[in-house]
Visitor: 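First the structure, then my questions, so here it is.
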Amino acid sequence: MSHWLFKSEPSAWSFDQQVAAGKAGTPWNGVRNHQAKLNMMAMKLGETGFFYHSNEGKAVVGIVAVIKTFYPDPSDATGKFGMVDLRAVEALPKPVTLEAIKAEKRLAKMVLVVNSRLSVQPVTAAEWRIIRSMGGL
DNA sequence: GCCAACGTTGGC
DNA sequence: GCCAACGTTGGC
């Protein structure tokens with residue numbers, strides 16, 4: 001089982017909205033970056049990821065699960081890009097801020113730190129465990 | 001196929 | 001609001 005990290009500006013789509021969408025989930029649409037696309041293509045049903053609030057908050061705030069694997073994004077006229085469907089699993093009792101992540105030496109190689117612009121990122125098993133525990137899970 | 005120009009993202 | 005980093009576009 002791999003783990004992932006999804007970035008969203010809360011003003012565009014927040015974890016609260018993801019929670020409100022319930023078990024039916026929502027498509028993670030609008031990705032127009034090939035590296036992010038490749039990451040989504042690698043996702044398997046039931047895999048989990050962090051939900052990260054960029055710009056405002058700048059913190060990992062919750063956990064989501066893949067409930068539908070990669071399929072074409074109908075809003076992409078070129079037909080090159082696609083999306084997966086996600087549902088909220090649970091919120092972190094304590095959001096883990098970017099500041100806290102940067103301060104943790106074991107997370108120095110996280111994609112979030114090294115390539116902050118990538119919107120859909122892989123997370124290693126160790127990073128997953130560390131951030132979950134920092135978040136109070 | 002190179003690369004300059006431009007647009008966007010996202011931390012600060 | 002600024003600007004660095006990065007991706008994309010388009011002229012040559």
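Proteins come first, then strands; the chains are lettered A, B, ... in the order of their sequence lines, and each starts at number 1.
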Visitor: If you compare all heavy atoms of A:Q17 against all heavy atoms of A:P10, which two are closest, and at what distance to 0.1 Å?
Guide: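 Taking A:Q17 first and A:P10 second, the nearest heavy atoms are OE1-O, 4.1 Å.
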Visitor: For DNA chain C, whose closest nucleotide is more 5', that of A:R117 or that of A:N55?
Guide: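 By nearest-heavy-atom nucleotide position, the 5'-most residue is A:N55.
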Visitor: Between A:M83 and A:V31, is there shared hydrophobic-cluster membership here, with clusters defined by ILVMFWY side-chain heavy atoms closer than 4.5 Å?
Guide: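 The answer is no; the residues belong to distinct hydrophobic clusters.
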Visitor: So what does A:L118 touch, heavy atoms closer than 4.0 Å: a base, only the sugar-phosphate, or nothing?
Guide: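 Here A:L118 touches no strand at all.
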Visitor: For A:P74 and A:P72, which heavy atoms make the closest approach, and how far apart are they?
Guide: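 That would be CD-O, 3.2 Å.
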Visitor: Show the nearest heavy-atom pair for residues A:K94 and A:M134, with the distance to one decimal.
Guide: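 Nearest heavy atoms, A:K94 then A:M134: CE-O, 3.4 Å.
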Visitor: Indicate the ring-plane relationship of A:W28 and A:F51, choosing parallel, tilted or perpendicular according to the 30° and 60° boundaries.
Guide: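 Aromatic pair A:W28/A:F51 classed perpendicular.
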Visitor: Reading DNA chain B from 5' to 3', where do the contacts with chain A start and stop? Cut-off is 4.0 Å to heavy atoms.
Guide: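 Going 5' to 3' along DNA chain B, contacts run B:dT8 to B:dC12.
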